[in-house]
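To start, the structure under review is shown below, and the notes come after it.
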Amino acid sequence: MVGADRVGPEDWRAALAAVPVGSTPLVRLTRLVPEGAGEVWLKLESGNPTGSYKDRLALAIIGGALERGDVAPGDRLVEYTGGSTGTALAHVAAKVGLHFTAVSSDAFAPVKLRSMAAYGAEVIIEPSHGEGITPELIARVRDRAYALATEPGSWYADQFGNADIRPGYAPMGTEIAEALDGRLDVLCAGVGTGGALMGAVDGLESEGCRPDVVALEPTESPLLTTGTGGSHRVEGIAVGFVPPFLDRDRVPEVRTVDQSDALAMCRRLAAEEGLLCGPSTGLNVVAAIRLAVERGEGSVVATFGVDAGAKYLDGDLFA
Ligand SMILES: Cc1ncc(COP(=O)(O)O)c(C=O)c1O
């Protein structure tokens, strides 16, 4: 980490401005979309520095906190996280001389825990005792983070409620609107917090583009569609509670996608489109293609390529 005593406002502003986040490509899927269907476009976020759209969130959270003086270089940022968000926060924290403590668990993928540590984060592990990701574990991890965040010089990043998140994702929407010249009928995406989807909607609307918006969840955890969640394998979405940022007035429609279809789509995206993506992106693409088939020729559907598939190579996704 940069020596905190040497990091003044000009330094951290320059460091944040130099982080190459955003301006990601919007690619059209050509091989997987059946004849007679509309266009399907994927906002490929894997090109961000830590390989996911969470880099936009990290820049927004940390930039906002520094500008307001909620934190200063040398202070500690605390969050509970299993992976992508923590890696993105660890990366930006290192750039601006903040310490970052991630409270996590051995229930999450080791590669994600290692990447947070590689960026200099302190990673505190709450043991899962072989029980997997349970509500009890999540509550324990969360309470540990809350307790650490009350210590002097510490600040809770609050990925589930921070008001800087939605505006941080807005450029994802403006970039899509610009790339498509405003021609967008439907935006669909799986939701964890709902921050990425709602922020992108804000950005699209700021460009005068008002598509129908469809939120997605795995059929195995149909909390939004039936009121009851469940266990599933699509990391990052359907986290067991109503997504705090999801505005159901703007997004009245929620659809489910079977996780087996999502995982199969990851394999097809890699083999047929040359795009190595993770499960939540597979789920997004399944729904986007279905919507493009329903809407028919001439329609335009977009969704998010959330992260790079490389971090899922250790599991059985591509085996
Ligand atoms: C891999 C992955 N996909 C999708 C999401 C959902 O994003 P959001 O929380 O902005 O709804 C997340 C969030 O953690 C994620 O890590």
Side-chain angles (χ1 to χ4, degrees), residues 21 42-46 48 50-61 79-91 102 104 108-109 111-113 115-116 133 138 141 157-173 187-203 213-218 221 223-224 232-248 250-251 254 257 259 262-263 265-266 269 276-288 303-313 315 317:
V21 167
L42 192 60
K43 183 70 170 153
L44 219 53
E45 290 287 300
S46 54
N48 286 311
T50 72
S52 84
Y53 63 37
K54 297 292 178 180
D55 288 315
R56 298 180 188 261
L57 165 149
L59 207 55
I61 287 182
E79 185 55 282
Y80 69 99
T81 165
S84 309
T85 299
T87 305
L89 286 170
H91 163 249
S104 196
F108 298 107
V111 67
K112 294 183 174 179
L113 304 178
S115 51
M116 290 191 276
I133 302 167
I138 299 294
V141 169
D158 194 9
Q159 60 164 316
F160 301 103
N162 190 310
D164 290 323
I165 291 175
R166 207 164 145 167
Y169 280 120
M172 206 157 64
L187 176 70
C188 67
V191 281
T193 66
L197 181 62
M198 296 315 306
V201 168
D202 294 340
V213 184
V214 180
L216 310 171
E217 62 184 4
S221 183
L223 182 71
L224 297 172
H232 67 92
R233 291 187 51 198
V234 189
E235 291 183 40
I237 66 166
V239 287
F241 48 80
V242 174
F245 295 110
L246 187 65
D247 173 1
R248 292 302 301 272
R250 179 65 182 91
V251 188
V254 182
V257 174
Q259 70 180 15
L263 302 178
M265 181 56 78
C266 292
L269 278 165
L276 197 65
C277 300
S280 61
T281 301
L283 183 134
N284 285 350
V285 170
V286 171
T303 191
F304 307 137
V306 180
D307 61 0
K311 67 180 164 218
Y312 304 97
L313 286 171
L317 177 57

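Numbering of residues begins at 1 and proceeds along the displayed sequence. First listed ligand is number 1; within each ligand, the first listed atom is number 1. Excluded from the calculations below are hydrogen atoms, water molecules and symmetry mates; all remaining heavy atoms, backbone and side chain alike, are included.
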- Message: Nearest 0.5 angstrom please: T303 OG1 to L216 CG, how far?
- Response: 6.5 Å
- Query: Under 4.5 Å between any side-chain heavy atoms of L187 and F304, yes or no?
  - Reply: yes
- Could you give the distance from OG1 (T281) to OH (Y312), rounded to the nearest 0.5 Å? 7.5 Å
- Task: Hey, could you give me the SG/CE distance between C277 and M265, rounded to the nearest 0.5 Å?
- Result: 10.5 Å
- Message: Given 3.5 Å as the limit, does a donor-acceptor pair link the side chain of N162 with the main chain of A157, or not?
- Response: yes
- For residues E45 and D307, determine if any side-chain heavy atom of one lies less than 4.5 Å from a side-chain heavy atom of the other. no
May I have the N/O to N/O pairs between ligand 1 and the protein that fall below 3.5 Å, each with atom names and distance to one decimal?
unit_1	atom_1	unit_2	atom_2	d
ligand 1	3 (N)	S280	OG	2.7
ligand 1	7 (O)	Y53	OH	2.7
ligand 1	9 (O)	K54	NZ	3.3
ligand 1	9 (O)	T193	N	2.7
ligand 1	9 (O)	T193	OG1	2.8
ligand 1	10 (O)	T193	OG1	3.4
ligand 1	10 (O)	A196	N	3.0
ligand 1	11 (O)	G192	N	2.8
ligand 1	11 (O)	T193	N	3.2
ligand 1	11 (O)	G194	N	2.8
ligand 1	14 (O)	K54	NZ	3.0

